[in-house]
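Before any comments, here is the structure.
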Amino acid sequence: EVDHVPGGVMIEDTIDIVNHCKNDIDLWDLSSGGATPMRIKPWYGYQVPYAQAVKQQTGCLTGAVGQIKTADMAAEIIANERADLVSLGRALLENPHWPIMAAKHLGVKIDIPKTYISIS
């Protein structure tokens, strides 16, 4: 079950829904819910396989979520076409300068607003 609830939603159910609606939606943000108490302890990237499965089986653009904490992890997801976009939640709450630090770590040149120059 992708929602981590016995008898819950299976990845095949998700793929059926995406196929049914894919002409009306540009990007699918694939999360495993969180609407009910989880019966698992989340690990880094634990929801990425859902985005990857939907992307591979439907041809739709997907966004990956789920404890994506490092620049290397985010870069790997995109480079290996496991998803088209990486969404960050807790990583940005923990470090709002994460994008600047990630760009620096990956050697990507970005324009940094003057307000944030001291961070880089």
Side-chain angles (χ1 to χ4, degrees):
E1 298 89 6
V2 297
D3 55 3
H4 310 288
V5 176
V9 177
M10 304 298 286
I11 191 65
E12 295 80 12
D13 301 322
T14 303
I15 290 167
D16 287 344
I17 292 166
V18 170
N19 277 324
H20 182 74
C21 301
K22 69 191 214 176
N23 294 328
D24 299 317
I25 297 173
D26 295 323
L27 176 89
W28 293 85
D29 178 18
L30 280 294
S31 172
S32 62
T36 59
M38 293 182 69
R39 296 175 178 255
I40 65 162
K41 181 174 174 26
W43 58 91
Y44 295 137
Y46 75 103
Q47 297 179 90
V48 174
Y50 309 138
Q52 183 175 357
V54 169
K55 179 178 175 54
Q56 290 174 345
Q57 294 184 42
T58 69
C60 290
L61 297 175
T62 63
V65 301
Q67 299 287 336
I68 299 167
K69 297 281 191 163
T70 69
D72 290 327
M73 183 177 203
E76 179 278 323
I77 292 165
I78 300 301
N80 288 313
E81 299 181 356
R82 298 173 71 200
D84 300 287
L85 173 115
V86 171
S87 295
L88 304 173
R90 286 179 183 90
L92 290 173
L93 290 172
E94 292 167 2
N95 179 3
H97 307 294
W98 191 97
I100 295 169
M101 302 300 186
K104 185 175 181 179
H105 173 77
L106 295 171
V108 175
K109 174 96 171 88
I110 61 172
D111 292 326
I112 301 172
K114 290 179 185 178
T115 310
Y116 298 101
I117 293 293
S118 65
I119 298 162
S120 60

Q) Can you tell me if Asn95 uses its side chain to pair, donor with acceptor, with the backbone of Leu92 under 3.5 Å? A) no

Q: Identify the heavy atoms of Gly63 and Leu27 that sit nearest to each other, and give their distance.
A: N-CD1, 4.1 Å

Q: With Gln52 as reference, evaluate Gln47, Arg82, Gln57 under the side-chain hydrogen bond (donor to acceptor under 3.5 Å, both in side chains) test and give the passing residue.
A: Arg82

Q. Which pair of heavy atoms, one from Val48 and one from Ala64, lies closest together, and at what distance?
A. CG2-CB, 4.1 Å

Q | Single-linkage hydrophobic cluster, 4.5 Å side-chain cutoff, Val65 and Leu30 together | A | no

**Q.** Asn80 atom CG: more than 12 heavy-atom contacts under 6.0 Å
**A.** yes

(Q) Are Tyr50 and Ile15 connected into the same hydrophobic cluster when the rule is that any two of I, L, V, M, F, W, Y join if their side-chain heavy atoms are below 4.5 Å apart? (A) yes

Q. What are the two closest heavy atoms between Ile78 and Leu85, and how far apart are they?
A. CD1-N, 3.6 Å

**Q.** Check: Ile112 and Ile100 side chains under 4.5 Å, non-hydrogen atoms
**A.** yes

Q | Polar side-chain atom of Lys22 near backbone of Cys60 as donor-acceptor pair, under 3.5 Å | A | no

Q: Can you see which heavy atom on Ala83 is nearest to which on Thr62, and at what distance?
A: CA-OG1, 3.5 Å

(Q) Using the rule given for side-chain contact (heavy atoms from CB on, under 4.5 Å), can you reason through Gln56 versus Glu81, listing the C-alpha separation, both sets of side-chain angles and the distance that settles it, and then say yes or no? (A) CA-CA 9 Å; Gln56 290 174 345; Glu81 299 181 356; over 6 Å; no

**Q.** Rounded distance [0.5 Å steps], NE2 in His20 versus CD1 in Ile25
**A.** 10.0 Å

Q | Rounded distance [0.5 Å steps], CG in Leu106 versus OG1 in Thr70 | A | 8.5 Å

**Q.** Residues that Ala74 engages under side chain to side chain contact (heavy atoms under 4.5 Å, CB included), provided they are two or more places apart
**A.** Ile68, Val86, Trp98

(Q) How close do Ile11 and Ala53 get, counting heavy atoms only, and between which atoms? (A) CG1-CB, 4.0 Å

Q) What is the distance from atom CG of Leu61 to atom NZ of Lys55, rounded to the nearest 0.5 Å? A) 6.0 Å

**Q.** Cluster link Met101 to Leu88, ILVMFWY, side chain under 4.5 Å
**A.** no

Q: Give the cluster check for Ile77 versus Tyr46: same hydrophobic cluster or not, with ILVMFWY residues linked at side-chain heavy-atom distances below 4.5 Å.
A: no

(Q) I need the minimum non-hydrogen distance between Gln67 and Met73, along with the two atoms involved. (A) O-SD, 4.1 Å

